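The block underneath contains the structure these notes are about, expressed in structure tokens.
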There are 2 protein chains.
Amino acid sequence: MSEKARGRPRAYDPEVALWQALETFWANGFSRTSLDALAAATGMNRPSLYAAFGDKKSLYLKSFECFAGQLHAALDNAAHSEAPLEATLRDFYRDAIEIYMSGPDGPRGCFIICTAPAEAAMDADIRAALKAALAEIDKGLEVPFAKAKAEGRLPPDADTAALARLAASVLHSLAVRARAGETKEALHALARQTVQSLC
Amino acid sequence: MSEKARGRPRAYDPEVALWQALETFWANGFSRTSLDALAAATGMNRPSLYAAFGDKKSLYLKSFECFAGQLHAALDNAAHSEAPLEATLRDFYRDAIEIYMSGPDGPRGCFIICTAPAEAAMDADIRAALKAALAEIDKGLEVPFAKAKAEGRLPPDADTAALARLAASVLHSLAVRARAGETKEALHALARQTVQSLC
DNA sequence: ATGATTTTTTGCGAATTGGTACAAAAATGT
DNA sequence: ACATTTTTGTACCAATTCGCAAAAAATCAT
């Protein structure tokens, strides 16, 4: 894999720099994040940032995809769970809440749900990325519902796609509520009621 | 009411100017909206804007409260509805979707849900306004659930506060989904499933 | 008319924005 | 050693940002 590095070696690992940029966008949103802030967060100077990731929006979209990758892993985890639907959904929400409530300067919610919508109305690229991410959540959550239906643990006429979209909607709200400052207990109660109402 | 106007009369109606500013924030979010854009939208020049509404954040918060007033009216409407819970909730979602999908340049979702979270992590004032607005939605939607429970149309052990928060969560998601470009039919289907699952 | 009062208008200014040109630095290959 | 290659660092640019000071305009009171 690693060929001989030809020129001057990179002073920073692109992967960790991308994650540091992601954290900055996550806390401040796209428009409020300056290139200076990104440079400070990554320890890189602006030209290096530009060479490595392109312009500001390109870096935001790369951060977006990085976060979407984490999300994809969590959805895959839920999709391949052997546990019953109730437990799968409960654990999925529990893990999400843990992430949404974490953060060095207080709860940050979800990178995607909390930073993309503000830009989505006027920026077609961010809107497309957001729409795709929402669709992936919907699709990913449908798997455990479809499984439960196939096993007869849901009514035969249950619309698993619609139920998954409803379950995803609660995830969106958890993200916003966490960032608004609701308590972890309030979020868990919402997750509990959701599991009870949908399973 | 109208006392004798002392000095030079105002060239613009503060109420319509506030609404025009709101529309600008709604489309672009807080950080992406410049004072120049606000001045262009309202037809006022910057010092007049400043004299009438204070600085940029103050104007945003006034716009926020203006939108929250509309929201409050919709919640009041639902709270005082004589119709059964299913119809009340269905109509509430229908009206919301209508607003979320409207907009001169495409769907804008909800002013509060789509513009406040991005700023909420780093701005305590906006975070507080967002948290209060979310709480008002939760409280407002609890009324029809509590009514239905009192009339025996919900199980006696139903947690109406938790159900209302779940119903509110779908509203949040509808706002994001609309702004992401989902179709009106998809949103209505989500609302339909929600009514079915919760009532 | 004249003065008082309020708003609008013009223009400014200090700071920040995203983005880039260019030279110095640090590695490899010959 | 010397040239090549890639990245870093410094400095800069044009444009935009928010906010304000000061003058001009439009009304009312006398």
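Given the structure is predicted, the values throughout are model-derived calculations rather than measurements. First the proteins, then the strands, lettered A, B, ... as listed; each starts at 1.
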Ranking C/dT6, D/dT27, D/dT8 by distance to the side chain of B/R6, first place goes to C/dT6
So side chain to side chain donor-acceptor pair (under 3.5 Å) across residues 18-31 of chain A, not counting sequence neighbours, yields A/W19-A/E23, A/E23-A/R108, A/S31-A/E119
Q | B/E142/B/K149 salt bridge by N-O under 4.0 Å criterion | A | no
Residue set satisfying salt bridge (charged side-chain N to carboxylate O under 4.0 Å, His left out) with B/E15, at least two apart, ordered chain then number -> none
Here the side chain to side chain donor-acceptor pair (under 3.5 Å) pairs for residues 74-87 of chain A, sequence neighbours left out, are A/S81-A/T88
Numerically ordered, the residues 22-42 of chain B set in heavy-atom contact under 4.0 Å with DNA chain C is none
To the nearest angstrom, the CZ-P distance between A/R8 and C/dA27 comes to 8 Å
Sorted by chain and residue number, the side chain to side chain contact (heavy atoms under 4.5 Å, CB included) partners of A/C110 (sequence neighbours excluded) come out as A/F67, A/Y100, A/I112, A/I113, A/A175
Residues pairing under salt bridge (charged side-chain N to carboxylate O under 4.0 Å, His left out) where one sits in residues 43-56 of chain A, two or more places apart or in two chains, turn out to be A/D36-A/R46
Those residues at least two apart in sequence (or on a different chain) that pass salt bridge (charged side-chain N to carboxylate O under 4.0 Å, His left out) with A/D138 are A/R165, B/R177
Sorted by chain and residue number, the ring pair (Phe, Tyr, Trp, His ring centres under 6.0 Å) partners of B/Y60 (sequence neighbours excluded) come out as B/F25, B/F30, B/F111
Per the under-4.0 Å heavy-atom filter, residues of residues 44-66 of chain A near DNA chain C come out as A/R46, A/P47, A/Y50, A/D55, A/K56
